[in-house]
2 protein chains.
Amino acid sequence: MAAPADPAVEPGRSGHAALATAAASRPRLHPELLARAAIDIADVDGLAAVSMRRLATTVGVGTMTLYYHVRDKDELLDLMWDEFMGEHLLAEVPADWRTALTAIAQRTRESYQRHPWALHVVARPARGPNKMRHIEQYLTVVSMITDDLDEQLRILHSVSDLVVGCTLRELGVRAFPPPTGNPADSGDPWAEVLQPMPDFGELVRAEDLPRLRNLWTSGCLRRPTRFEQALGWLLDGIGAAHPEAVQLGAGKGGGEGRAVATTTGTVPKKGA
Amino acid sequence: MAAPADPAVEPGRSGHAALATAAASRPRLHPELLARAAIDIADVDGLAAVSMRRLATTVGVGTMTLYYHVRDKDELLDLMWDEFMGEHLLAEVPADWRTALTAIAQRTRESYQRHPWALHVVARPARGPNKMRHIEQYLTVVSMITDDLDEQLRILHSVSDLVVGCTLRELGVRAFPPPTGNPADSGDPWAEVLQPMPDFGELVRAEDLPRLRNLWTSGCLRRPTRFEQALGWLLDGIGAAHPEAVQLGAGKGGGEGRAVATTTGTVPKKGA
DNA sequence: CTCGTCGTCGTACGGCGTACGACGACGAGT
DNA sequence: ACTCGTCGTCGTACGCCGTACGACGACGAG
């Protein structure tokens, strides 16, 4: 592009009075800035629109300049991913483990809703500080259930897996809406849980799929899922396996649980 | 390419004695054949290696010929996906619902293990006959638990979501192994469940992540997950919510359950 | 005044998906 | 026998993509 988008990013006059402030001393094109710019592109035009050329023009530099700050595009994706993981973080972790796990799950789902492109990056297990903080938040919660570190990890994974799996499916249906009727404008962002085919009717008749046909003729396929119920079942099972777990709001939809500070708290008394 | 790979696929002599057999009458390059060829490529060299040019040469035609049988590459991916979904199908569905759901889950995980590239396609909810058959198998099982169609669907999704989420995570770690030590050669294909960063040690020290650090110093992160346990918790929760569900092998690790035919069986007596 | 380093960037290469139009083979109509 | 439409095939070309390579100006240190 001819003119840089942001005057503060203008090529000629870059690091002049930079060392006045200590924080401004680092190169004006730090990786986080690139990741954020790339995320902005992906949010608007989808992940496929994130190309090195386009990112370069939007931050106002030549294409190859990016490669001074980032090894390759894969590293850029990793940076985007960890920036995305930052939005999974809760300001405060509720004190009741059920409430807390539900809150983390909800927060995760909201992040995906804000950044649907994350769907296509989820396969790559990027390692980054925000992901580690996210895990730490999970750990503060699951440590309320048991002191067994292995068991903590298993619980963590089971909850996280359910959240990601469910969000993935629901978001996928949104991203590729069925030919007839767009579920996105039905109010509930998680509506339309199972995808009918274009020629669903014929196939279901030709193929001897009685139960699916039955489901199709009923309206079930068009009703929204209730993720909280699935999570509830899982938490029920976990709770039943750990009757010793502290349960603040013992009732069904009980207390909200008072919030505790995020990363404080003592390490469990015993290692494995 | 100079010479076609397969002589039976040679360009010049195509549809000559074709109409001798009725089944051979369809164009020698049917979509399923293309999907299978593409899957073979992806299995060996990864999804990124599946290009229209390469697929064309491997099936022995010019690149643009593919576009006569397939609208675009997206449609090819959809075909690959449904072919992949075909491997999720069970020959027989066990008669006990817990056993059956576990069997479907296991089968799904094995499919992903055989075709790791599916990781990168999972976001796209392709509609295809095999996917419908897979859902039908799920439905035959969840209809043992309740007659409420909505509830059946919710149970189906919760199990499926957990399976996909867990498999995704485990497979992702395998696909992008950590810099130190490859988990793939540890025997258990699902080992190494959480990914340490290259500079895990410094980060965990600098960042005030006590529980994660604790987990790191213990060996937990290097032990394999036990997916069955997560699924067990979920099924416990579902079972508790549906005490009326028929439970053949009532004991803990009870009966294996006799197999019933796949798609037969009556439709549940009442619609929603 | 020189030199090394930092940050920037133009050019070029190979690969991708695919739009477009041409071309041979062949079955049906006349 | 000749024409014509269709089916299946494919060569060429266009505009993207990621990125290897090397040049180039600015600037602090010697």
Side-chain angles (χ1 to χ4, degrees), chain A residues 1-6 8-20 24-31 33-34 38 41-42 45-80 120 124, chain B residues 1-6 8-20 24-31 33-34 38 41-42 45-80 120 124:
Chain A
M1 67 182 297
D6 186 353
V9 125
E10 193 172 281
R13 49 188 316 282
S14 48
H16 276 295
L19 45 82
S25 65
R26 68 175 180 172
R28 69 190 177 81
L29 243 47
H30 43 289
L33 186 148
L34 295 183
I41 296 175
D45 292 331
L47 190 64
V50 178
S51 72
M52 299 303 269
R53 289 176 222 270
R54 172 153 175 192
L55 176 60
T57 64
T58 64
V59 300
V61 297
T63 306
M64 295 312 290
T65 302
L66 299 181
Y67 287 88
Y68 185 82
H69 306 273
V70 155
R71 186 160 358 97
D72 53 12
K73 195 181 178 180
D74 277 356
E75 185 172 305
L76 177 70
L77 288 176
D78 286 348
L79 290 167
M80 289 174 69
H120 305 281
R124 137 189 332 271
Chain B
M1 61 172 301
D6 187 353
V9 123
E10 193 172 278
R13 49 189 316 282
S14 47
H16 275 298
L19 44 83
S25 66
R26 67 176 182 173
R28 67 189 177 81
L29 243 48
H30 43 288
L33 186 149
L34 295 182
I41 297 175
D45 291 331
L47 190 65
V50 177
S51 71
M52 299 304 269
R53 286 162 160 78
R54 173 156 174 189
L55 175 61
T57 64
T58 65
V59 299
V61 297
T63 306
M64 294 312 291
T65 302
L66 299 181
Y67 287 88
Y68 186 81
H69 305 273
V70 155
R71 186 161 357 98
D72 52 13
K73 194 182 178 181
D74 277 356
E75 185 172 305
L76 178 70
L77 288 176
D78 286 348
L79 290 167
M80 289 175 70
H120 305 282
R124 139 187 331 272

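Per chain, numbering begins at 1; letters A, B, ... match sequence-line order.
Distance, B:E75 CD to C:dT18 P: 11 Å, rounded to whole Å. The CG-P distance, from B:L66 to C:dC16, rounds to 13 Å in whole Å. One can place CG of A:L29 at 16 Å from P of C:dC6, the figure rounded to the nearest angstrom. The distance from atom CE of A:M64 to atom C1' of C:dC13 is 12 Å, rounded to the nearest whole Å. Between the NE2 atom of A:H30 and the P atom of C:dG7 there is a distance of 14 Å, given to the nearest Å. When rounded to the nearest whole Å, the span between OH of B:Y68 and P of D:dT9 equals 8 Å. Rounded to whole Å, atom C1' of D:dT19 lies 12 Å from atom CG of A:D74. One can place CG of A:L33 at 15 Å from P of C:dG7, the figure rounded to the nearest angstrom.
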**Message:** Generate the contact string for nucleotides 13-18 of chain D. Rules: B means base contact, S means sugar-phosphate contact only, - means no protein heavy atom under 4.0 Å.
**Reply:** B---BB
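Two residues are said to be in side-chain contact when any heavy atoms from C-beta on lie closer than 4.5 Å; B:L33 and B:H69 fail this criterion. The side-chain heavy atoms of B:L76 and B:L66, taken from C-beta on, include no pair separated by under 4.5 Å. Side chains of A:D78 and A:R71 form no contact here, defined as non-hydrogen atoms less than 4.5 Å apart.
No donor-acceptor distance shorter than 3.5 angstrom exists from the side chain of B:D74 to the backbone of B:L77, with no hydrogens or angles considered.
Distances shown here put a side-chain N or O of B:R28 below 4.0 Å from the OP1 or OP2 atom of D:dT9. Within the structure, every side-chain polar atom (N or O) of A:H69 is placed at least 4.0 Å from both OP1 and OP2 of C:dC6. Contact annotation: A:T65 side-chain N/O to C:dG7 OP1/OP2 distance is not under 4.0 Å.
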**Request:** Under 3.5 Å for both distances, Watson-Crick or G-U wobble, that's the pair rule; now give the dot-bracket for DNA chain D, with | marking pairs to another strand and [ ] for crossing ones.
**Result:** |||||||||||||||||||||||||||||.
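Contact record, B:A38 with B:M80: CB-SD, 3.6 Å, taken as the closest heavy-atom pair. Taking every heavy atom of both residues into account, A:I41 and A:L55 meet most closely at CD1-CA, 4.0 Å.
Here the OG1 atom belonging to A:T65 is positioned 10.5 Å from the CE atom belonging to A:M52, to the nearest 0.5 angstrom.
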